[in-house]
K.L.:
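Below: one structure in structure tokens.
Count residues from 1 along the sequence. Keep in mind it's a predicted model, so treat the numbers as computed, not measured.
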Amino acid sequence: MRMYDLIMKKRNGGILTEEEINYMVSEYTADRIPDYQMSAMMMAIYFRGMTEAETVALTMAMAHSGDMMDLSGIQGVKVDKHSTGGVGDKTSIALTPMVAACGVKIAKMSGRGLGHTGGTIDKLESFAGFSTGITAQQFLRQVNEIGISIMGQTLDIAPADKKLYALRDVTATVDNMSLIASSIMSKKLASGADAIVLDVKTGSGAFMKKEEDAFALAKEMVAIGNRAGRKTIAVVSDMDQPLGCAVGNALEVQEAIATLKGQGPSDFTELCMTLGSYMLMAGGKAQEEEEARKMLHGVIEDGSALEKLAMFVKAQGGDPAAVQDPSLLPQADIIEEITAQESGYVQRIDCEEIGICSLLLGGGRETKESKIDLSVGLILHKKTGDPVAPGESLASIYANDPQKLEMAKERFLKAYHITAEKSRRQSLIKGTVME
């Protein structure tokens with residue numbers, strides 16, 4: 001078998017067999033196929049596309065290119081959740097304790113943030129001493145004992161995806177539905193969960209700007225997961241404005257804690273309820289969404305979800321006292337209000353720009369080596385459709401550097417669009433894909 005022949009076959013619109021895809025992925029991972037040939041293949045796929053069977057084969061080949069997490073030592077159904085990322089997306093920090101408190105096992109691998117979207121691990125490190133650098137044995141034991149663990153991607157999970165993504169990133173071949181779906185799902189399948197619930201974001205702050213593209217990606221990933229024998233459900237949700245009100249690591253953790261106390265923003269709470277319901281249904285704890293929602297409301301009302309977060313934080317070396325007293329989380333030295341200059345309604349928020357504000361303050365990474373300031377960020381007081389009057393606060397900015405604060409303020413004011421007419425609020429949940 002020759003890579004040259006496979007490139008020509010795909011360039012001419014042919015369909016690659018499972019054997020050919022396995023050869024291509026394994027040889028490239030082993031550095032026996034050069035980057036220039038794989039670049040040609042990625043471009044051929046970009047223009048010619050892949051069938052569902054090809055996409056599944058590519059996903060499985062990438063999943064099996066490294067370690068496959070064995071979760072068989074964990075009792076019960078293991079459910080994983082994945083978000084395609086966005087601004088203010090602290091969902092895992094509130095959602096996973098809620099679901100675990102209802103009796104579904106959560107064994108999750110998460111990553112760090114890069115650019116304007118934050119990473120779950122960075123946010124969790126707002127708890128002093130918290131570590132995701134645990135062994136696989138510790139990970140499995142913790143899930144069995146308290147029902148939840150989140151670890152960093154310390155294992156060699158889907159190394160083919162790492163190589164391919166780096167190549168696609170510099171050859172203008174990232175934006176292809178099959179390649180995106182296989183990249184995400186290869187890591188999810190290698191992580192070993194029995195069921196997967198996906199939160200596919202759409203809007204100005206999401207990777208998929210167009211709603212139809214988000215649904216297409218959701219359908220592709222659900223098809224891959226189901227064909228691989230994992231119960232897979234995707235929820236398409238809005239990211240045309242930040243999720244909740246807090247943007248920034250410790251600030252988002254505070255908002256997640258407030259949500260577990262029943263005091264969270266309505267949009268963030270609704271997303272947790274929607275995703276959590278599907279996780280409980282996938283885990284066999286509820287038959288229908290209404291039943292699942294009652295269970296989730298129950299663990300918030302009786303405090304067991306908040307207690308589950310404290311147990312999880314303590315088990316991984318963090319200070320559980322901060323769960324009850326969020327003032328123990330990292331605090332910024334400067335808090336400044338940004339006020340409206342005119343009356344009207346918030347017509348639109350450039351979501352990605354708000355994420356960049358947090359990045360400029362030091363709350364995100366420009367490069368993988370950048371050090372994050374966990375205390376900085378923003379809390380929005382006005383969101384799309386809200387009325388504003390001159391002098392009213394649009395947001396509070398939390399900073400430690402006056403120069404960075406001024407840069408973020410300038411960017412923030414350009415991100416908010418206020419008009420005389422009230423705009424229609426976008427629905428948070430756009431739809432669900434199950435097959």
K.L.:
Quick one: side-chain hydrogen bond (donor to acceptor under 3.5 Å, both in side chains) partners of K404, sequence neighbours excluded?
P.N.:
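With neighbours one apart ignored, the set is empty.
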K.L.:
Under the salt bridge (Lys or Arg N to Asp or Glu O under 4.0 Å) definition, can you give me all pairs with a residue in residues 261-281, not counting sequence neighbours?
P.N.:
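Checked against salt bridge (Lys or Arg N to Asp or Glu O under 4.0 Å) - neighbours excluded - the pairs reaching residues 261-281 are D267-K383, E270-R293.
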K.L.:
Around atom OH of Y23, are there more than 12 heavy atoms from other residues, nucleotides or ligands closer than 6.0 Å?
P.N.:
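Counting other residues, nucleotides and ligands, OH of Y23 exceeds 12 neighbours.
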K.L.:
Can you spot which of I334, D333, L405 makes a side-chain contact (heavy atoms from CB on, under 4.5 Å) with N400?
P.N.:
D333
K.L.:
Check this for me, if you would: do D161 and K187 make a salt bridge, where the nitrogen-to-carboxylate-oxygen distance has to be below 4.0 angstrom?
P.N.:
yes
K.L.:
Using atom types as modelled and distance alone, determine if a side-chain donor or acceptor of K123 lies under 3.5 Å from a backbone N or O of D89.
P.N.:
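Yes, the answer is positive, given that a donor and an acceptor are paired below the 3.5 Å cut-off.
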K.L.:
Establish, from distance only, whether the side-chain atoms of Q316 and T132 form a donor-acceptor pair under 3.5 Å.
P.N.:
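No, T132 and Q316 have no side-chain donor paired with an acceptor closer than 3.5 Å.
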K.L.:
For F207, check ring pair (Phe, Tyr, Trp, His ring centres under 6.0 Å) against everything at least two apart and list the hits.
P.N.:
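None.
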K.L.:
Do any N or O atoms from the side chain of T96 and from the backbone of I93 form a donor-acceptor pair under 3.5 angstrom?
P.N.:
no
K.L.:
Could you tell me whether the side chain of P97 reaches within less than 4.5 Å of the side chain of I148, counting heavy atoms only?
P.N.:
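SC-SC contact between I148 and P97 confirmed.
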K.L.:
Do the side chains of M279 and K81 get nearer than 4.5 Å, heavy atoms only?
P.N.:
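The answer is yes, as the side chains (C-beta and beyond) meet within the 4.5 Å cut-off.
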K.L.:
Can a donor-acceptor pair be found between the side chains of Q138 and T135 at a distance below 3.5 Å?
P.N.:
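Per modelled atom types, Q138 and T135 side chains form a pair under 3.5 Å.
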K.L.:
Measuring from I224:CD1 to I184:CD1, what's the distance to the nearest 0.5 Å?
P.N.:
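I224 atom CD1 to I184 atom CD1 measures 9.0 Å (nearest 0.5 Å).
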K.L.:
Taking only residues at least two apart or on different chains, which pairs with a member in residues 214-235 satisfy ring pair (Phe, Tyr, Trp, His ring centres under 6.0 Å)?
P.N.:
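Qualifying pairs, neighbours excluded: none.
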K.L.:
I'd like to know if the side chain of D319 and the backbone of F127 have a donor-acceptor N/O pair within less than 3.5 Å.
P.N.:
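Not confirmed, D319 side chain does not pair with F127 backbone.
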K.L.:
Cation over ring, K90 on F268, under 6.0 Å and within 45°?
P.N.:
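Yes, a cation-pi geometry holds between K90 and F268.
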K.L.:
Considering only residues two or more places apart or on different chains, which pairs with a residue in residues 93-102 satisfy salt bridge (Lys or Arg N to Asp or Glu O under 4.0 Å)?
P.N.:
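Checked against salt bridge (Lys or Arg N to Asp or Glu O under 4.0 Å) - neighbours excluded - no pair reaches residues 93-102.
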K.L.:
With sequence neighbours left out, what residues match E291 under side chain to side chain contact (heavy atoms under 4.5 Å, CB included)?
P.N.:
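E291: side chain to side chain contact (heavy atoms under 4.5 Å, CB included) contacts with A286, Q287, E288.
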K.L.:
Is the backbone of G66 close enough, under 3.5 Å, to the side chain of D156 for a donor and an acceptor to pair up by distance?
P.N.:
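Absent.
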K.L.:
Mind listing the closest non-hydrogen atom pair of A160 and S65 along with its distance?
P.N.:
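For A160 versus S65, the nearest heavy atoms are N-OG, 3.1 Å.
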K.L.:
Is any side-chain heavy atom of M62 less than 4.5 Å from a side-chain heavy atom of S182?
P.N.:
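Yes - at least one pair of side-chain heavy atoms lies under 4.5 Å apart.
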K.L.:
Restricting to non-hydrogen atoms, name the atom on I418 and the atom on A340 that form the minimum distance, rounded to 0.1 Å.
P.N.:
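Reported closest heavy-atom pair: CD1-CB, 4.5 Å.
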K.L.:
Between S427 and K430, is there a donor-acceptor pair closer than 3.5 Å when you use the side chain of the first and the backbone of the second?
P.N.:
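Not confirmed, S427 side chain does not pair with K430 backbone.
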K.L.:
Is a donor on one side and an acceptor on the other found under 3.5 Å between the side chain of T269 and the backbone of S266?
P.N.:
no
K.L.:
Report yes or no: do E289 and S277 form a side-chain donor-acceptor pair below 3.5 Å?
P.N.:
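Not at all, the side chains of E289 and S277 share no donor-acceptor pair under 3.5 Å.
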K.L.:
Hey, what do you get for NE2 (H381) to CG (L394), rounding to the nearest 0.5 Å?
P.N.:
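Here the rounded value is 9.0 Å.
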K.L.:
Backbone N or O of A101 within a donor-acceptor pair of the S304 side chain at under 3.5 Å?
P.N.:
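No, S304 side chain to A101 backbone: no donor-acceptor pair under 3.5 Å.
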K.L.:
Mind checking side-chain hydrogen bond (donor to acceptor under 3.5 Å, both in side chains) for K209 and listing every partner two or more places apart, or none if nothing turns up?
P.N.:
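Only E352 meet the side-chain hydrogen bond (donor to acceptor under 3.5 Å, both in side chains) criterion with K209.
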K.L.:
Ignoring hydrogens and angles, state whether a donor on the side chain of T55 or S178 is under 3.5 Å from an acceptor on the partner side chain.
P.N.:
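Looking only at side-chain atoms, S178 and T55 do form a donor-acceptor pair, the distance falling under 3.5 Å.
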K.L.:
Side chains of K231 and M281, heavy atoms from C-beta outward: is any pair under 4.5 Å?
P.N.:
no
K.L.:
Sorted by first residue and then second, give each ring pair (Phe, Tyr, Trp, His ring centres under 6.0 Å) pair with at least one member in residues 299-329; sequence neighbours left out.
P.N.:
F130-F312
K.L.:
Test of understanding: with side chain to side chain contact (heavy atoms under 4.5 Å, CB included), list the residues that count as partners of R411, not counting sequence neighbours.
P.N.:
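Side chain to side chain contact (heavy atoms under 4.5 Å, CB included) check on R411 returns E353, I356, C357, L360.
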K.L.:
Could you tell me whether the side chain of E125 and the main chain of D122 form a donor-acceptor pair under 3.5 Å?
P.N.:
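A pair under 3.5 Å: no.
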K.L.:
Just by distance, with hydrogens left out, do K108 and S149 show a side-chain donor and acceptor under 3.5 Å apart?
P.N.:
no
K.L.:
Quick one about D199 and T84 (side-chain donor to acceptor, distance below 3.5 Å, no hydrogens or angles considered), yes or no?
P.N.:
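No donor-acceptor contact under 3.5 Å links the two side chains.
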K.L.:
Assess the residue pair D80 and K188 against the criterion (salt bridge (charged side-chain N to carboxylate O under 4.0 Å, His left out)); give the C-alpha distance rounded to whole Å, side-chain angles, the decisive distance to 0.1 Å, and a yes or no.
P.N.:
CA-CA 8 Å; D80 196 358; K188 290 291 104 181; 3.0 Å; yes
K.L.:
A side-chain contact here means heavy atoms from C-beta on lying under 4.5 Å apart; do T432 and Y278 qualify?
P.N.:
yes
K.L.:
In Å and rounded to the nearest 0.5 Å, what is the CG to CE distance from L198 to M221?
P.N.:
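If we round to the nearest 0.5 Å, L198:CG and M221:CE are 4.5 Å apart.
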K.L.:
Once rounded to the nearest 0.5 Å, what's the spacing between atom CE of M24 and atom OG1 of T29?
P.N.:
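The OG1 atom of T29 is 9.5 Å from CE of M24, to the nearest 0.5 Å.
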K.L.:
Is there side-chain contact between I349 and F412, with at least one heavy-atom pair below 4.5 Å?
P.N.:
no
K.L.:
Show the nearest heavy-atom pair for residues I74 and N144, with the distance to one decimal.
P.N.:
CA-OD1, 3.4 Å
K.L.:
For L280 versus A292, what's the shortest heavy-atom pair and its separation?
P.N.:
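It is CD1-O, 3.7 Å.
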K.L.:
Treating E54 as the side-chain partner and T51 as the backbone partner, does any N or O pair qualify as donor plus acceptor under 3.5 Å?
P.N.:
yes
K.L.:
Once side chain to side chain contact (heavy atoms under 4.5 Å, CB included) is applied, do any residues pair with A315, and if so which ones, sequence neighbours excluded?
P.N.:
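Once residues adjacent in sequence are excluded, the partners of A315 under the side chain to side chain contact (heavy atoms under 4.5 Å, CB included) criterion are Q142, I146.
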K.L.:
Which pairs, with at least one residue in residues 296-308 and sequence neighbours excluded, count as a salt bridge (Lys or Arg N to Asp or Glu O under 4.0 Å)?
P.N.:
none
K.L.:
Would you compute the distance between atom OH of Y46 and atom CG of N176 and round it to the nearest 0.5 angstrom?
P.N.:
7.5 Å
K.L.:
Spell out, as yes or no, whether a donor-acceptor pair under 3.5 Å connects the side chain of Y398 to the backbone of I379.
P.N.:
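Looks like no, no N/O pair under 3.5 Å.
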K.L.:
Strictly below 4.0 Å, N to O, side chains only: are D386 and R425 in salt-bridge contact?
P.N.:
yes
K.L.:
Is the shortest side-chain heavy-atom distance between V174 and Y165 below 4.5 Å?
P.N.:
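Side chain of V174 against side chain of Y165, heavy atoms only: contact under 4.5 Å found.
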K.L.:
Looking at V376 and S358, what are the two nearest heavy atoms and their distance?
P.N.:
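So the minimum-distance heavy-atom pair works out to CG2-O, 4.5 Å.
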K.L.:
Might you confirm whether atom CD of E19 has over 12 heavy atoms from other residues, nucleotides or ligands at distances under 6.0 Å?
P.N.:
no
K.L.:
In terms of side-chain geometry, is the basic nitrogen of D350 or R348 positioned less than 4.0 Å from the acidic oxygen of its partner?
P.N.:
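Result for this pair is yes, salt bridge flagged.
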K.L.:
Using distance alone, with no hydrogens and no angle criterion, decide if S393 and E337 have a side-chain donor and acceptor under 3.5 Å apart.
P.N.:
yes
K.L.:
Quick test of your reading: applying salt bridge (Lys or Arg N to Asp or Glu O under 4.0 Å), list the pairs with at least one residue in residues 131-145, sequence neighbours left out, ordered by first then second residue.
P.N.:
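Not a single pair qualifies under salt bridge (Lys or Arg N to Asp or Glu O under 4.0 Å).
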K.L.:
Looking only at non-hydrogen atoms, find the nearest pair between G264 and T259 and report the distance.
P.N.:
CA-OG1, 3.3 Å
K.L.:
Between D213 and L217, is there a side-chain heavy-atom distance shorter than 4.5 Å?
P.N.:
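Not touching, per the 4.5 Å side-chain cut-off.
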K.L.:
Ignoring hydrogens and angles, state whether a donor on the side chain of S126 or N249 is under 3.5 Å from an acceptor on the partner side chain.
P.N.:
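Side chains of S126 and N249: no pair found under 3.5 Å.
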K.L.:
Verify the neighbour count for atom NZ of K78: are there more than 12 heavy atoms of other residues, nucleotides or ligands below 6.0 Å?
P.N.:
yes
